[in-house]
Amino acid sequence: MGMSADLAGLVAVVTGAAGGIGAATAAQLAERGARVLAVDRKPAPEEMGTGGAGELSFLQVDLMDEDAPDRIVDHVRDRFGALDILVNNAALIGEGASIERFSLDDLRRTFEVNVIVPFRLCAAATPLLKQSGQGRIVNVGSVNSIMASKAGASVYVASKHAIAGLTKALAAELGPYGITANYVLPGPTLTPMSAALGDAWREHYASRVPMGRLLEPDDIAGGIGFLVGAAAAMVNGHGLAVDGGMLAVLA
Ligand SMILES: NC(=O)c1ccc[n+]([C@@H]2O[C@H](COP(=O)([O-])OP(=O)(O)OC[C@H]3O[C@@H](n4cnc5c(N)ncnc54)[C@H](O)[C@@H]3O)[C@@H](O)[C@H]2O)c1
């Protein structure tokens with residue numbers, strides 16, 4: 001992609017980095033010179049590179065483990081001695097049941113991974129992000145952070161709205177320490193998560209994105225990449241839609 005090494009010397013953590021958007025984000029940040037710790041409960045993807053200008057390493061951890069946030073931050077402190085960028089990307093889409101049929105287990109699991117884990121990772125990372133002097137938090141929301149989609153997505157939609165609120169609260173609380181907190185709102189993106197939704201999902205959204213195609217993981221990574229770069233130093237508490245214009249237009 002011909003990127004400059006503008007993130008050289010910075011340390012980043014990306015969760016859900018064995019998945020579509022997370023893997024693309026980890027790779028792009030490393031190409032720009034960052035030392036990136038990619039985290040996922042799945043093993044490292046075979047095609048994962050070593051990081052171009054930067055460095056890409058992988059930590060296999062289940063974020064649902066109670067001590068996962070502390071373990072990740074301890075690992076980063078031991079290995080790099082610093083943390084500048086935290087990307088909370090891992091999420092579950094949930095079972096997709098109607099409000100009358102969703103299971104309490106699904107509600108709890110989805111909120112755990114989508115909300116409680118980002119919350120706790122932000123908390124665990126804050127001491128190192130404060131030391132950075134230019135700390136960056138990017139939480140991965142969704143177009144579902146401001147709009148619901150079709151019926152049967154209440155758990156996921158509520159969790160993604162929660163991420164928007166959390167991010168704004170962090171912007172207020174951590175701004176005085178030079179830390180920005182922003183979120184991205186990906187539109188329909190071709191990843192393992194969405195592949196599971198099948199052809200009907202692809203066809204439904206393909207016609208609704210004004211740019212005329214579904215999003216690719218690299219498109220979303222580009223938005224995240226903007227928010228962690230120097231040009232975004234004063235962008236704080238913002239939700240950046242990377243959706244090809246979908247939210248701007250009534251269907
Ligand atoms: N794909 C889309 O259309 C779309 C649209 C809007 C928002 N998003 C958001 O983008 C982000 C990434 O989604 P994706 O489409 O790349 O999904 P994905 O399923 O390809 O990747 C998510 C990754 O998170 C990991 N993960 C889940 N639970 C975990 C846990 N307990 N511990 C460790 N890792 C865990 C999974 O193993 C997976 O590799 C999510 O926050 C998702 O909600 C995706």
Side-chain angles (χ1 to χ4, degrees), residues 13-28 37-48 58-69 71-72 75 86-94 96 105-106 108-121 138-150 153 155-164 166-167 183-198 200-206 208-209 213-224 239-244 246-247:
V13 167
V14 179
T15 68
I21 292 169
T25 301
Q28 283 194 20
L37 180 70
V39 176
D40 207 291
R41 69 177 164 187
K42 292 186 196 149
E46 273 173 26
E47 66 276 18
M48 192 178 96
F58 193 88
L59 182 68
Q60 191 172 4
V61 53
D62 188 337
L63 294 164
M64 298 255 288
D65 292 348
E66 187 136 343
D67 63 349
R71 268 168 52 208
I72 292 165
H75 180 93
L86 171 63
V87 181
N88 281 301
N89 163 78
L92 300 175
I93 195 153
D105 270 358
D106 185 51
R108 289 201 166 123
R109 202 179 320 112
T110 305
F111 265 74
E112 181 78 30
V113 177
N114 295 16
V115 183
I116 292 174
V117 163
F119 197 111
R120 294 188 61 225
L121 252 178
V138 181
N139 294 323
V140 179
S142 165
V143 289
N144 290 138
S145 292
I146 55 170
M147 306 273 275
S149 43
K150 63 182 173 49
V155 175
Y156 182 77
V157 170
S159 77
K160 289 300 180 180
H161 274 63
I163 274 295
L166 168 64
T167 311
Y183 61 111
V184 291
L185 295 76
T189 309
L190 294 165
T191 68
M193 179 188 279
S194 63
L197 301 172
W201 178 89
R202 269 193 301 280
E203 281 157 24
H204 175 82
Y205 281 111
R208 284 168 174 77
V209 177
R213 64 169 176 85
L214 297 175
L215 286 295
E216 297 285 348
D218 270 327
D219 295 318
I220 313 308
I224 295 168
L240 178 64
V242 185
D243 67 346
M246 198 175 79
L247 283 173

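Computed from a predicted model, the values in this text were never measured in an experiment. Read the numbers this way: they start at 1 and go in the same order the structure lists the ligands and their atoms.
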Kindly indicate whether the side chain of L215, heavy atoms from C-beta on, has any atom under 4.5 Å from the side chain of L190. no

Evaluating non-hydrogen atoms only, which member of M193, Q60, M64 is closest to atom 17 (O) of ligand 1? M193

Tell me: protein heavy atom nearest atom 20 (O) of ligand 1, and distance? G20 N, 3.0 Å

Starting at CG of L214, measure out to CG of D243 and round the result to the nearest 0.5 Å. 12.0 Å

Is the closest N or O pair between D40 and ligand 1 shorter than 3.5 Å? yes

Pair D65, R71 - check side chain to side chain contact (heavy atoms under 4.5 Å, CB included), show working. CA-CA 10 Å; D65 292 348; R71 268 168 52 208; 3.7 Å; yes

Which atoms form the tightest heavy-atom contact between L92 and Y156, and what is the distance? O-CD1, 3.4 Å

Does an N or O anywhere in V143 fall below 3.5 Å from an N or O of ligand 1? no

Should G141 be listed as contacting ligand 1, given a heavy-atom distance under 4.0 Å as the test? yes

Would you mind checking if D105 and R108 are paired as a salt bridge, meaning a charged N to carboxylate O distance below 4.0 Å? no

Find all atoms of ligand 1 within a distance of less than 4.0 Å from any non-hydrogen atom belonging to G187, and give their numbers and elements. 3 (O), 5 (C)

Should A90 be counted as touching ligand 1, given the test is an N or O pair under 3.5 Å? no

Looking only at protein heavy atoms, which one is nearest to atom 24 (O) of ligand 1, and what is the separation? G16 CA, 3.4 Å

Which ligand 1 atoms are under 4.0 Å away from a heavy-atom of P192? 20 (O)

From CG (N139) to OG1 (T167), nearest 0.5 Å: 4.0 Å

Can D40 and Q60 be counted as having a side-chain donor-acceptor contact under 3.5 angstrom? no

Measure the distance from atom 14 (P) of ligand 1 to every protein heavy atom, then report the residue, atom name and distance (to 0.1 Å) of the closest one. T191 OG1, 3.5 Å

Top protein contact for atom 42 (C) of ligand 1, by heavy-atom distance: Y156 OH, 3.6 Å

Run the numbers for me: atoms of ligand 1, each under 4.0 Å from some heavy atom of L92, listed by number. 27 (C), 28 (N)

What protein heavy atom sits nearest atom 33 (C) of ligand 1, and how far off is it? R41 N, 3.1 Å

How far is atom 44 (C) of ligand 1 from the closest protein heavy atom, and which atom is that? I21 CD1, 3.9 Å

Once rounded to the nearest 0.5 Å, what's the spacing between atom CE of M64 and atom CD of E112? 6.0 Å

Pairwise side-chain contact, I224 with V87, heavy-atom cut-off 4.5 Å (strictly under): yes

Test D62 against K42 for salt bridge (Lys or Arg N to Asp or Glu O under 4.0 Å), laying out the working first. CA-CA 8 Å; D62 188 337; K42 292 186 196 149; over 6 Å; no

Just distances here: any N/O of P186 and N/O of ligand 1 closer than 3.5 Å? no

Proximal ligand 1 atoms for D62, defined as those under 4.0 Å from one of its heavy atoms: 30 (C), 31 (N), 32 (N)

Can you tell me if V61 has a non-hydrogen atom under 4.0 Å from ligand 1? yes

Numbered atoms of ligand 1 (with element) below 4.0 Å of V113, judged on heavy atoms: 28 (N), 31 (N)

Would you call R120-D67 a salt bridge at under 4.0 Å N-O? no

Do Y183 and V140 have side chains that get closer than 4.5 Å, going by heavy atoms? no

Around atom 21 (O) of ligand 1, find the nearest protein heavy atom and jot down its residue, atom name and distance. G19 CA, 3.4 Å

Apply the side chain to side chain contact (heavy atoms under 4.5 Å, CB included) test between L185 and each candidate in N144, I146, L240; give the one that qualifies. I146

Which is it for P188 and ligand 1 at heavy atoms under 4.0 Å: side chain, backbone, both or neither? backbone

Can you tell if the side chain of I21 reaches within under 4.5 Å of the side chain of T189, non-hydrogen atoms only? yes

Can you check which of A17, G22, A91 brings a heavy atom nearest to atom 22 (C) of ligand 1? A91

Looking at ligand 1, is there an atom of it that comes within less than 4.0 Å of some heavy atom belonging to K160? yes

So for T189 against ligand 1, with non-hydrogen atoms under 4.0 Å, the contacting part is both

Separation of D218 CG from Q28 CD (nearest 0.5 Å): 4.5 Å

I'd like to know if W201 contacts ligand 1, where contact means a heavy-atom distance under 4.0 Å to any ligand atom. yes

min-distance protein heavy atom vs atom 32 (N) of ligand 1 -> L63 N, 2.8 Å

Nearest heavy atom to atom 11 (C) of ligand 1: which of L214, N89, N144, V117 does it belong to? N89

